Structure formats: structure tokens, C-alpha cells
Amino acid sequence: MNNITEVKSARTGDKYYKIEHFSGLTIYLYPKPDYNSKYAIFGTRYGSVNNAFRLDGGDVIRVPDGIAHYLEHKMFECEDGDAFVKYAKTGANANAYTSFDKTCYLFSCTDRFDESFRILLDFVSRPYFTEQTVQKEQGIIGQEIRMYDDSPDWRVMFNMLENMYHSHPVKLDIAGTVESIAKITPELLYDCYNTFYNLNNMVLAVAGDLSVDDILKTADSMLKPCEKHEIESFFEDEPYEVVSDYVEQKFPVSMPMFNLGFKERAHEVSQKEMAETSIILSVLSSPSSQLYKMLDDASLINQSFTSECFTGPGYYSFIFSGESRAPKKAAEMIKNYITDLKANGIKPEDFEIARKEVYGDAVSGLNSVDNIANSLVGFHFNNYEFFSAIDDIADCTLDDVNSRLGEILDVNNCTLSVVFGEEDCEG
Amino acid sequence: MSIIQREICDGVTLGTIRDSRFKTMKLSVNMLLPLSEETAAVNALLCYVLVRSCEKYPDFTTLSRKLGSLYGAELNGSVSKMGDMQCLNISVGGLDDRYTIDKEQISEELTRLLCEVLFRPKVKDGAFYELDVEQEKRQLLDTIDAEFNDKRAYANQRLIEIMCENELYGVGRVGTKEQISALTTKDVYKAWQNLLLNAYFDFTYVGNSDGEQIASVLENSFKEIKRTPVELSTDVVYTVFNQREVVDEMDVAQSKLEIGFRTACAEPEKESLATRLMCLILGGTASSKLFNNVREKKSLCYYCASRFARLKGIMIVESGVETENLEAAKEAILAEVEDMKNGNVTDFEIEAAKLAATNSFYGIIDTVSGTCNWYSSQLMDATVDTPEQAAQKVNAVTKDEIIAAAKKLQLDTIYILKSKGGEDE
């Protein structure tokens with residue numbers, strides 16, 4: 001039996017269906033009447049950080065770094081041909097990605113949805129790895145890893161993570177290293193697949209002009225019931241303190257780039273906390289903010305300046321990033337401003353603007369089927385509810401936000417990462 | 001969803017697309033002036049200066065705070081070419097009034113804000129402010145540098161410059177670095193006056209209202225201005241007189257090959273639709289001839305695609321090629337063109353191109369900006385079509401018409417950006 005719940009939002013006039021499918025899979029359908037585009041995404045709660053785990057209390061398995069990403073690549077290969085080739089016939093745009101905490105397979109189309117939907121459900125449910133096909137991928141992924149080594153955005157972030165985390169695997173490159181992926185075998189891929197690609201550990205989200213019946217007629221026939229297992233991931237103890245407060249690397253960039261990361265105590269971040277921290281980040285980095293003005297007036301940033309909340313299993317931090325002729329001065333100014341803000345509190349008018357910016361951004365996101373489906377997946381894995389999260393932003397108060405500010409952004413526990421070109425030394 | 005056109009005054013139109021699907025609205029204006037060597041730079045600079053501040057919100061922060069208080073609304077400027085016209089675009093966009101927390105009327109406020117930046121910029125004694133102009137000059141020069149670093153875009157720009165050296169279309173959309181650097185605050189002021197008096201203003205609104213209120217705000221704003229709007233026109237060259245090949249050498253890793261053709265057919269001619277489809281079959285999709293034969297089968301290039309400038313009657317094939325493959329790639333591309341002229345087009349290729357075209361039409365109007373562009377880009381076309389109408393027309397094009405369009409193709413200019421062969425960029 002499928003258990004179907006309708007969730008409505010009075011504020012936005014939208015609704016979606018949450019289906020507890022008999023197979024064990026949770027399915028979301030977000031109808032977008034009169035939209036031509038349709039988007040489906042099939043994801044598992046399994047990313048690069050899940051490199052030590054056990055199933056049903058058995059032995060802990062330690063797998064090579066980068067295997068989740070490797071597995072994603074290999075999933076496209078089926079016994080009866082490449083999934084991309086199958087999609088080419090339906091005209092869908094297909095893709096996949098592996099992040100720190102999830103792996104997702106997706107497609108978008110305007111036509112022939114059901115055919116593409118079948119391709120998606122089919123290839124993600126049917127692994128096919130052989131010694132030979134696994135070998136073949138090492139060169140391709142090796143090149144991908146080297147490409148990331150050439151990317152300044154990527155380097156500046158991972159240099160920061162390496163200097164923030166002592167042991168948590170979030171500091172490791174998602175794709176692993178050339179050495180680590182050389183250790184990947186078909187058996188290991190099957191171990192990971194059988195642990196994490198259990199439908200009870202997965203989620204499917206679809207957005208577009210579709211009905212529950214459109215989805216279920218295919219899902220019911222293709223998804224087989226899956227036995228539920230207990231999956232535990234293990235992370236070594238991570239101290240509160242960062243590893244070091246500064247790291248730099250020379251790189252061929254026309255303008256130096258920086259990441260300033262504030263390390264927080266990892267915990268399950270509630271939906272309300274997420275709303276509050278989003279507003280705090282807007283107060284600190286939106287072009288309408290006082291800090292942005294100060295940094296801009298001092299020519300310490302340009303329009304690339306931004307911030308994000310970076311959180312997942314066992315890690316939680318806030319990252320400010322951008323291009324700057326003088327990253328150390330920019331970081332100093334950000335830290336001083338945070339110290340002052342904590343002492344004096346956020347001004348009511350600044351709070352009001354930030355709350356509206358965050359709210360406007362969340363509601364605008366409901367225009368796009370891509371954004372809706374991706375958010376539903378992320379929210380599901382965090383145990384958030386899509387619509388009440390928007391209400392939480394609207395209902396946030398200045399007191400909530402000020403008291404939250406007191407708990408986060410410890411200016412004595414942050415790390416600055418810089419990449420700079422030959423001639424751009426700050427001295 | 002169709003468009004309702006209104007004339008606000010002479011050379012000022014408002015197109016309204018009422019669409020209740022979206023959580024946001026957008027009001028965008030294309031301001032068109034003839035491209036010219038003398039004014040391209042100053043017009044472009046003006047566009048960016050206008051969106052940075054105005055009399056009421058005199059600096060970036062006060063303007064950003066106003067936008068922030070309107071739920072993170074956006075105000076943007078950009079510059080492009082539409083045929084032989086230079087197009088300055090300014091747009092405002094934000095949350096639809098239905099979704100504000102305190103029932104604020106954002107669309108009206110944003111319409112007024114757009115009028116503030118257009119009609120009441122921060123000026124004094126017949127000039128803009130030095131600081132504002134200098135800041136935007138720096139930004140624009142950075143943009144030009146970034147475009148130079150993007151070798152694909154740069155090669156494309158060079159081809160057009162060479163191929164159209166005696167046409168207005170050959171002028172770069174933002175002028176040159178030298179021209180930008182030489183501009184004064186008074187020059188920008190004069191360009192602003194010229195814009196208000198002489199540009200063609202094409203406003204497009206996408207949102208959940210009938211546009212009445214926007215129309216009345218705009219009517220009031222233009223009331224006092226005595227306008228002499230320019231004609232919208234583009235010269236199409238039907239015969240190639242001077243076929244040539246130009247090679248530049250540069251320290252780049254990968255060589256670029258750009259081939260320009262005259263299509264001897266352009267909007268608003270009826271046959272131009274067949275030319276569009278012909279161009280898609282040749283190199284506009286992942287199942288095109290150039291992609292499949294030149295890139296995939298012969299592995300001669302990293303990318304190989306064709307684009308049709310439908311107002312100008314020019315088709316450009318662009319590709320990125322290893323230097324030793326330049327000749328072979330050129331021959332292979334020209335062979336594909338000859339092949340089409342000889343009628344070698346399969347039904348599968350035609351269907352795939354039609355499917356890709358109609359899919360993209362329907363996809364485009366699922367976003368506010370896509371909808372806005374869909375309609376505003378048809379300003380100089382023969383008719384303004386909905387995606388459904390455009391799809392119907394595309395699907396009705398026959399194989400004979402496609403081959404006829406191919407037969408009209410004339411090779412004009414080949415431009416090669418050749419790698420010097422060094423390892424470094």
C-alpha cells in the first residue's frame with residue numbers, strides 16, 4: 001500500500017504530495033500546472049563523507065576515498081547499454097552529481113516524460129560492474145581529478161577545509177585521489193551499492209505538470225519492495241578547534257580568491273536554526289548590508305562576494321568567499337564586524353531587509369522545477385519540510401536571530417584560505 | 001500565454017504577458033539605437049551607470065537596501081546587438097505582489113524605480129558624477145578583458161568585425177577600450193539625453209497583472225518628452241563580393257576556426273524560418289551534422305556548432321580545433337555544407353531538429369526571464385508568435401524549403417585564431 005499525504009502552503013498557493021511508497025522509497029510530486037518542463041531526481045543519502053560504515057550492526061567497512069563518485073559514474077553503464085544513449089532517444093537532458101552527503105541522478109524534459117522516467121528508475125536500480133568496466137573508468141576519473149586540481153575555486157575551498165577539519169572526511173576531495181580510486185573493485189562497488197542504494201535510504205522528487213497517477217503507474221510497476229536495514233556511518237572524533245588559521249597557494253589567477261570559514265560544533269541543524277542563520281548571512285554579505293558597503297568602499301571585495309552555510313553529517317561551518325586584492329584585510333574586516341555585531345546586536349531595519357531578502361529568495365525558487373525537485377531531496381535528507389521552512393523565515397524575529405548570532409561565528413575559530421597569482425602578494 | 005501590445009507614445013511600446021504561474025514579475029526595457037562606431041562605447045557605459053544609482057537612491061548601498069526591502073528585487077543593465085541596432089537593456093524584477101508578507105505592492109514600486117533610474121539619474125550641471133562614471137568604466141574595461149580571455153567569444157567577435165567591417169553590424173556592442181577610457185561625464189550626459197529623445201523603447205512585462213498600472217506610470221513619465229524616435233532597420237548583404245581568410249596567431253592552447261556565411265535571407269522574410277531550421281540541422285543540436293560527423297565521427301574538434309543571426313542574414317560556424325587539424329576541420333565543415341546544398345538531408349535529421357526547436361520553445365517560457373526574452377527578441381520579426389505558433393510554423397517547414405535555404409548559403413569569411421604552439425596559455 002502506498003501512503004499519500006497532500007501538503008499545502010497557504011502562503012504560496014502551492015502544494016505537493018509526499019508518497020510513502022510500498023517499496024520503501026519516499027516519493028515527492030510537486031505539480032506545476034501549465035509548465036512544459038518536467039524534472040525528476042532520484043537520490044541516495046550517500047556521499048563522499050560516508051567512507052566508513054556498517055550494515056545491521058555487522059563489521060565496519062572502510063572504503064577507498066572517492067568511491068561514491070566513482071559509483072555514480074559506473075551506474076550509467078548498464079548491461080544493455082549506456083543510460084545516456086537511452087536518454088538521447090527520448091530527448092531528455094540527463095545528469096548526475098555526487099556531493100559530500102548525497103548522490104543524485106536526474107533528468108529534465110518537456111516531452112516523453114514517462115519514457116525517461118522509466119530509464120531513470122531502471123538504471124539506478126540495476127547495478128552492473130565488471131572488472132573490465134571498473135578499470136576503464138580510472139583514467140577518465142583521474143582526468144576529472146586533475147581538472148579539479150586546476151580549478152582555483154575548488155582549490156581555495158579544499159585548502160580551507162583541510163585547515164578546518166582534523167579528521168572528518170569532508171576535507172577530502174569528493175572524487176578521491178588517483179591513488180585511492182586505484183583501489184576500487186567491483187566487489188567494493190557492490191558493497192556500497194547494496195548498503196546505500198536501498199530504497200529506504202533514497203528519495204525521488206518530481207516537479208512538473210504531472211499527477212500522482214502519472215508517477216505511481218510507473219513507480220508501482222518498476223520498484224520492488226526493499227527490506228529495511230540499519231545503516232550507520234562512522235566519523236572519527238573531530239575537535240572543536242580548526243587545524244590552522246591560514247593557508248595560501250600560488251595559482252594562475254588574475255585576482256586573488258579567498259574562503260574564510262568559521263567552524264561550528266556539528267549538530268543536527270533544525271529548520272528554524274537554518275532560517276535564522278540564513279538571515280544572519282544576509283545581514284553579513286548581501287549587497288544591501290553594512291559590511292558589504294564597508295568592504296566595497298575599502299575596495300576589498302567585488303561582486304563575487306558571497307557566503308554560505310556548509311553543513312552535513314558531522315560537519316557545520318559558515319564560509320565567506322570572493323575575490324579580493326587583499327584577502328587578509330578583507331578577513332580582518334569581516335571578523336571585526338562580526339565581533340561588533342555580536343556586542344551591539346543586529347539593527348531592526350537591517351534585520352527586516354535581510355528577512356525579506358531571504359524570504360523573497362525562497363519563494364522565487366518555486367518558479368523553477370529544477371530548484372523545487374533538488375530542494376525537496378535536500379530537505380528530505382535533513383528532515384525539513386519544504387513549506388514550513390518558508391514560514392519559519394517569515395516568522396523569524398529579531399530576538400531569535402540575535403540570540404542565534406551569539407552562538408555561532410566564533411572569530412577565534414576560523415581559517416582563511418587564499419590563492420593568489422605571481423604578482424599579487426599582499427605582503 | 002500571448003502578448004498584448006500597447007503604444008505608450010511615439011516609439012515607446014509596452015508588451016504585457018499576463019501569466020499567473022510565476023511567483024515573480026519582471027519589467028524589462030530594450031532601448032534601441034543605431035549601432036555606430038562613435039556612440040557604441042558611450043551608450044554602453046551609460047547603461048551601466050544608470051543602474052548603479054539615481055537621484056533618489058544616490059549610491060549603490062542605498063539602492064541595494066531599497067531593492068533588499070522589496071524582498072531582494074533585482075535591477076540590472078546589459079548591452080547587446082539586435083541586427084544593426086545597439087540594444088541597452090534595463091530590467092527590474094521581484095516577488096509578485098500576491099506573495100509578499102505584508103501585502104506590499106512590489107510591481108508598482110519597481111515600475112517607479114525603473115522610471116527613477118531612466119528619467120532621474122544622479123546628474124549635476126549637464127554631467128554625471130565623476131566617481132560613478134569612473135567606477136563603471138573600470139567594470140566595463142574588466143568585462144572587455146574577460147571577453148578577450150574567453151577565446152571562443154573573442155574569435156567570434158573578430159570574425160564579425162572582419163566580415164562586417166563596412167557594415168554597422170561590425171561595430172562591437174560596447175565599443176573599444178580606448179573609446180571607453182576617453183569618455184567624460186559630459187559625454188555620458190549627452191548620451192542619456194539622446195537616449196530619452198531618440199531611442200526606440202520596447203518595454204516587456206511578465207507577471208500576474210493586466211499591465212494597466214505600468215502603462216499609466218510609463219505614459220506619465222514620457223509625457224513631457226518631445227521625442228523623435230529612430231527607425232528600426234538592419235542592412236542585409238545578399239551577395240558576397242570579397243571572400244577571404246584571415247589568420248591571427250596567439251599564445252592559446254587550442255586554435256579556433258570561425259566560418260561566416262551569408263544566408264541571403266533574413267527576418268522579416270518568410271523564408272528565414274527554413275534558414276533557421278537548416279542551421280539547426282547543420283550544427284544547432286546534439287544530433288546535428290557538424291556535431292555527429294565532424295566532432296564525434298572524425299574527432300576533428302572539441303566543439304563545432306552553427307548559429308544564425310536571423311535579423312542580419314549571417315550564419316556562423318564555430319569550432320575549437322587542434323592546430324594540426326585546422327585544414328581538415330575546415331574541409332569537413334565545408335563538405336557538410338555542400339552536402340546539404342546537394343539535398344542530403346534525412347528525415348531523421350529534420351525531425352530531430354524540429355523536436356529540439358519545439359522543446360526549447362516550450363522550455364523557454366517556463367521562466368520569467370525566458371518568457372520576457374522570447375517576446376522582446378521578436379521586436380523586428382515579421383510576426384510576434386507564441387511558442388505554440390512558432391512550433392507550428394517550424395513543424396510545417398518542408399525538406400525542399402530547407403534545401404532551398406542551404407542552396408542560398410555563400411561563404412564569406414574564414415577567421416582562424418591560430419595557436420603559436422607554446423605550452424602556456
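Here is how names work: the chains are called A, B, and so on, in the same order as the sequence lines, proteins then strands, and each is numbered from 1. Both backbone and side-chain heavy atoms feed into the values below; hydrogens, waters and symmetry mates do not. From a predicted model like this one, the values you see are computed outputs, not experimental measurements.
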Inset, instruction - Given side chain to side chain contact (heavy atoms under 4.5 Å, CB included), test A:Y359 with B:L95 step by step and report yes or no. - result: CA-CA 10 Å; A:Y359 178 82; B:L95 212 55; 4.1 Å; yes
Legend entry - Criterion side chain to side chain contact (heavy atoms under 4.5 Å, CB included) on A:D111 and B:L355, from CA distance to verdict: CA-CA 9 Å; A:D111 200 16; B:L355 186 68; 4.1 Å; yes
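Closest heavy-atom contact between B:Y99 and A:R11: CD2-O, 3.5 Å.
In this structure, A:T110 and B:D366 have side chains that are not in contact, with every pair of non-hydrogen atoms separated by 4.5 Å or more. Proximity of A:N367 to B:T24: side-chain heavy atoms (C-beta onward) are separated by under 4.5 Å at one or more points.
Of the residues A:P287, A:S286, A:S288, the one that meets the side-chain contact (heavy atoms from CB on, under 4.5 Å) test with B:R65 is A:S288.
Interatomic distance, CD1 of B:I106 versus NZ of A:K356, reported as 8.0 Å (0.5 Å rounding). In this structure, CD1 in B:I101 is found 4.0 Å from CZ in A:R355, a value given to the nearest 0.5 Å. Here the OG atom belonging to A:S368 is positioned 12.5 Å from the NZ atom belonging to B:K23, to the nearest 0.5 angstrom. Between the CG atom of A:D296 and the OG1 atom of B:T61 there is a distance of 7.0 Å, given to the nearest 0.5 Å. Rounded to the nearest 0.5 angstrom, A:E352 CD and B:D102 CG are separated by 7.0 Å. Atom OG of B:S64 sits about 10.0 Å away from atom NZ of A:K293, to the nearest 0.5 Å.
Of the two parts of A:S364, the backbone and the side chain both hold a non-hydrogen atom closer than 4.5 Å to a non-hydrogen atom of chain B.
Your options are A:D297, A:N302, A:D14, and the one with the most heavy-atom pairs under 4.5 Å with chain B is A:D14.
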